[in-house]
Amino acid sequence: MPEIGLRAMTLSDGPAGVRGPRWDEREPSLNLPSGSALAASWDVDLAYRYGAAAASEARRKGVDVVLGPTINLHRSPLGGRHFECFSEDPELSAELAAAYVRGLQDNGVGATPKHYVANDSETDRFTVDVQVDARPLHELYLAPFERAVEAGAWTIMSAYNSVHGATMTEHDLLESPLNSVWGFDGVVISDWTAVRSLGAIPAAQDLAMPGPAPAFAGLVEAVRNGEIDEADIDRKVLRLLLLAERVGALEGTEPKTPSAIDGVAFTREAEVAGTVLLANDGILPLDASSLTRIAVIGHNAREARTQGGGSATVLPERITSPLDGIRSAFPGADVRYELGAVVQEGVAEIPLDRLTNPLTGEPGVRVTFFDGEGAEIFAEDRRSTALVWFGGDAPIAASRRVVIEGVYTPAESGEILLGFAGANPGRLFIDDQLLVDDVPVIEGTDLGAAFLNPPSLTAAVPVEAGVDRRFRVELTLEQGGALAGALSATVGIAPDDSDPDGLIERAVATAAGADVAIVVVGTNSKVESEGYDRPDLDLPGRQDELVRAIAATGTPTIVVVNAGAPVVLPWASDVAAVVQGWFGGQEFGSALADVLSGAAEPGGRLPTTWPATLEDVPVTDVTPQDGVLHYEEGLHIGYRAWLKDGAQPAFPFGHGLGYTSWSWGVAQRDGDVLEVTLANTGDRAGKQVVQVYAERPDSEIERAERWLVGFAAVQAAPGETVTASIPLPARRFAHWTGEWSVEAGAYTLRAGASVADLPLSAEWEIA
């Protein structure tokens with residue numbers, strides 16, 4: 001509204017990188033490590049810098065508000081979106097969320113903690129009614145949002161789901177505690193299409209996205225006839241204007257210039273800080289001088305997963321794969337690669353250096369749009385065959401046919417599976433010969449998942465190295481629908497899984513002749529994604545069999561796990577080392593090489609418990625029954641549930657090894673601060689995460705056996721003694737009774753390196 005000095009404000013997805021107003025590889029984004037990787041750092045200062053890096057990227061792209069961080073809890077490891085969230089623990093999530101918010105907003109960009117509240121799984125996320133008792137709601141699920149508001153969050157995103165029968169965009173929780181108790185003065189933004197009726201107006205839902213929202217079609221009339229109080233509208237307008245002032249969108253204000261940050265270097269540093277060394281028999285760090293041949297094995301070694309699926313997706317300019325990173329870090333070794341086992345399902349985009357636009361002769365493809373009469377209405381030259389139109393100039397809504405044309409120049413001879421992925425009927429032509437004419441079969445009912453992870457259709461195509469093959473894909477678009485104006489399509493090559501035994505045999509032969517084998521296993525955006533939950537915790541394909549076969553060669557085997565959330569590792573005790581690398585962002589391969597070579601120490605500790613089998617997991621229910629999901633476990637999620645059940649995970653919450661050794665000194669109280677002294681007794685500098693848990697076994701109320709109340713990451717040189725000072729305000733010991741109450745008396749504090757390794761203790765008296 002220029003007449004009042006108000007410019008448009010741009011909101012963008014981007015908890016792990018800011019996509020910007022267009023989903024376009026020609027406008028690449030910094031791809032930061034995923035939320036679970038950030039949480040694994042247990043480093044508040046790093047989280048602040050992460051927010052600052054996101055702010056720098058946002059301003060570069062003209063973005064005012066970043067739709068993140070995602071701070072729902074890892075209630076169950078089956079949650080499909082957990083790679084995007086921080087932790088199973090509310091205290092760890094809350095501290096990192098607050099730091100992320102400050103990092104963004106100190107640099108002039110709004111943060112949007114999401115999804116408020118109890119959106120902790122994806123199954124039936126639009127309609128599920130979550131039934132959760134008041135204590136766990138306040139002590140667990142609301143806690144990270146409260147801390148984010150304390151940090152000054154300018155916006156909050158309301159969730160799709162209902163809580164106790166009321167959809168969140170119309171819920172009393174938007175007023176209390178959010179506004180009236182916590183003092184939130186910002187804008188409540190809905191998740192996309194989450195506003196269902198005018199009931200959102202009195203319920204303190206400020207902005208319906210995307211607009212114009214059909215649910216608000218009768219708003220003016222409802223105000224005029226007295227159904228809606230005009231004061232409710234005034235409050236929303238004032239909050240939107242305050243947001244505009246904060247981001248510099250209102251006349252007389254200017255956007256704040258963010259701190260200058262080398263985003264690529266920070267991405268590498270952040271991934272190292274979150275990489276968790278789960279197990280190590282002493283093989284790591286590797287001695288480069290003793291290695292002449294290294295076997296690198298795994299689909300994810302060559303095609304790394306740097307992010308999960310869904311709206312958080314960004315398009316980086318480049319990705320350093322583990323294979324790239326290892327070759328760079330060990331230039332004196334003969335590095336040999338084998339696929340080993342197929343992970344990816346469906347087509348993957350064609351590499352740009354093998355792709356030619358038939359009209360321009362430049363790398364890329366030509367995309368042409370036709371209307372219902374067959375007339376060309378738009379064309380553009382793209383630099384990728386993985387294409388999403390969501391914003392931008394392409395007239396998707398007016399188009400009835402889209403044609404993607406390019407020339408593929410193979411590097412090797414053989415037979416490939418060439419095809420396309422999408423939700424629309426399509427045809428594939430190779431050198432003008434029709435090979436595919438079919439309609440993809442969409443699984444499930446989540447439109448977002450169908451849009452971002454559509455099925456593939458392929459045909460076998462013989463190719464010869466260096467000989468061009470021209471392809472053309474024609475997609476038919478239907479008019480209207482929930483995703484009218486948006487389109488997703490990928491032209492690419494699917495992996496050949498016709499000889500899985502042969503893939504493993506070749507990998508075994510390569511490993512047998514090497515000094516060390518580095519096997520990269522993992523998931524992908526079809527396994528871990530917004531829109532659906534995981535049915536199990538297994539690695540896809542035959543990766544477990546592959547690891548066992550490599551380990552059986554006798555060659556020392558290091559396994560790198562490229563997954564955003566827990567997976568079952570049945571061979572963990574059979575290999576020399578296990579490294580958890582998460583979805584590590586675009587510098588994943590470089591950071592991994594730093595860790596393997598010893599150029600840097602793995603700084604991560606687990607932000608969520610790692611089970612040995614799915615059957616051991618205490619909380620697995622993510623599927624609503626008759627539309628309702630009961631949080632029957634109450635307070636006991638994550639490590640709290642494991643302790644309650646007396647069960648042993650594969651790796652406990654907070655676990656992580658380093659490249660030095662530590663001795664724990666003493667834990668003592670100084671006012672409301674616990675001071676923990678420890679010393680680096682090794683021969684190299686290192687990081688330790690000091691974790692403090694409280695216990696109250698004789699409590700008069702139900703409690704967790706042990707719960708995290710504070711933590712601090714410390715660094716120490718060889719032989720150096722350091723002290724971690726951890727503030728412990730009374731609220732860390734409080735419970736919810738309709739208000740916050742603190743049970744007087746003695747609490748036992750335990751400090752150490754994980755929830756299961758706590759050598760120090762101290763008594764903590766509360767009057």
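Please read these numbers as outputs of a predicted model, since none were measured by experiment. Count residues from 1 along the sequence.
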Quick one: do Glu88 and Arg640 make a salt bridge, cutoff under 4.0 Å? no
Could you pull out all residues at least two apart from Thr70 that satisfy side chain to side chain donor-acceptor pair (under 3.5 Å)? Glu84
Determine, for Glu25 against Arg383, whether the closest basic-nitrogen to carboxylate-oxygen distance falls under 4.0 angstrom. no
I would like to know whether Glu95 and Arg147 meet salt bridge (charged side-chain N to carboxylate O under 4.0 Å, His left out); could you show each step before the answer? CA-CA 7 Å; Glu95 280 293 277; Arg147 203 80 57 87; 2.7 Å; yes
Shortest non-hydrogen contact between Pro316 and Gln586, atoms and distance: CB-OE1, 3.5 Å
Below 6.0 angstrom between ring centroids: does that apply to Tyr631 and Tyr141? yes
Identify the heavy atoms of Ser121 and Asp533 that sit nearest to each other, and give their distance. CB-OD2, 3.5 Å
Lys/Arg N to Asp/Glu carboxylate O, Arg75 vs Glu633, below 4.0 Å: yes
Main-chain N/O of Ala753 paired with Gln691 side-chain donor or acceptor, under 3.5 Å: yes
Passes side chain to side chain contact (heavy atoms under 4.5 Å, CB included), Lys114 versus Ile71? Steps please. CA-CA 6 Å; Lys114 61 185 186 183; Ile71 57 175; over 6 Å; no
Stepwise, does the side chain to side chain contact (heavy atoms under 4.5 Å, CB included) test hold for Ser754 with Arg605? CA-CA 8 Å; Ser754 80; Arg605 306 295 186 266; over 6 Å; no
Give a yes or no on whether the ring-centroid distance for Tyr100 and Tyr50 is below 6.0 angstrom. yes
Would Thr608 and Ser87 count as having a side-chain donor-acceptor pair, cut-off 3.5 Å? no
Do Asn280 and Tyr659 meet the criterion of a side-chain donor-acceptor pair at a distance under 3.5 Å? no
Any side-chain donor paired with an acceptor under 3.5 Å for Ser384 and Glu349? yes
Check side-chain contact (heavy atoms from CB on, under 4.5 Å) between Pro570 and all other residues, then give those that pass, not counting sequence neighbours. Asp544, Arg548, Val568
Between Arg305 and Ser34: side-chain donor-acceptor atoms closer than 3.5 Å: no
Of all residues at least two apart in sequence or in a different chain, which pass the side-chain contact (heavy atoms from CB on, under 4.5 Å) check with Ala58? Val18, Val63, Val66, Val109
Between Ser311 and Glu530, do the side chains contain a donor N or O and an acceptor N or O under 3.5 Å apart? yes
Ring pair (Phe, Tyr, Trp, His ring centres under 6.0 Å) involving Tyr639 - partner list, sequence neighbours excluded: Phe653, Tyr693
If we ignore angles and hydrogens, is there a donor and acceptor under 3.5 Å between the side chains of Arg318 and Thr320? yes
Tell me the salt bridge (charged side-chain N to carboxylate O under 4.0 Å, His left out) pairs involving residues 562-572, sequence neighbours left out? none
Which residues satisfy the salt bridge (Lys or Arg N to Asp or Glu O under 4.0 Å) test with Asp64, sequence neighbours excluded? Arg7, Arg59
Do you see a donor-acceptor pair shorter than 3.5 Å between the side chains of Asp324 and Ser321? yes
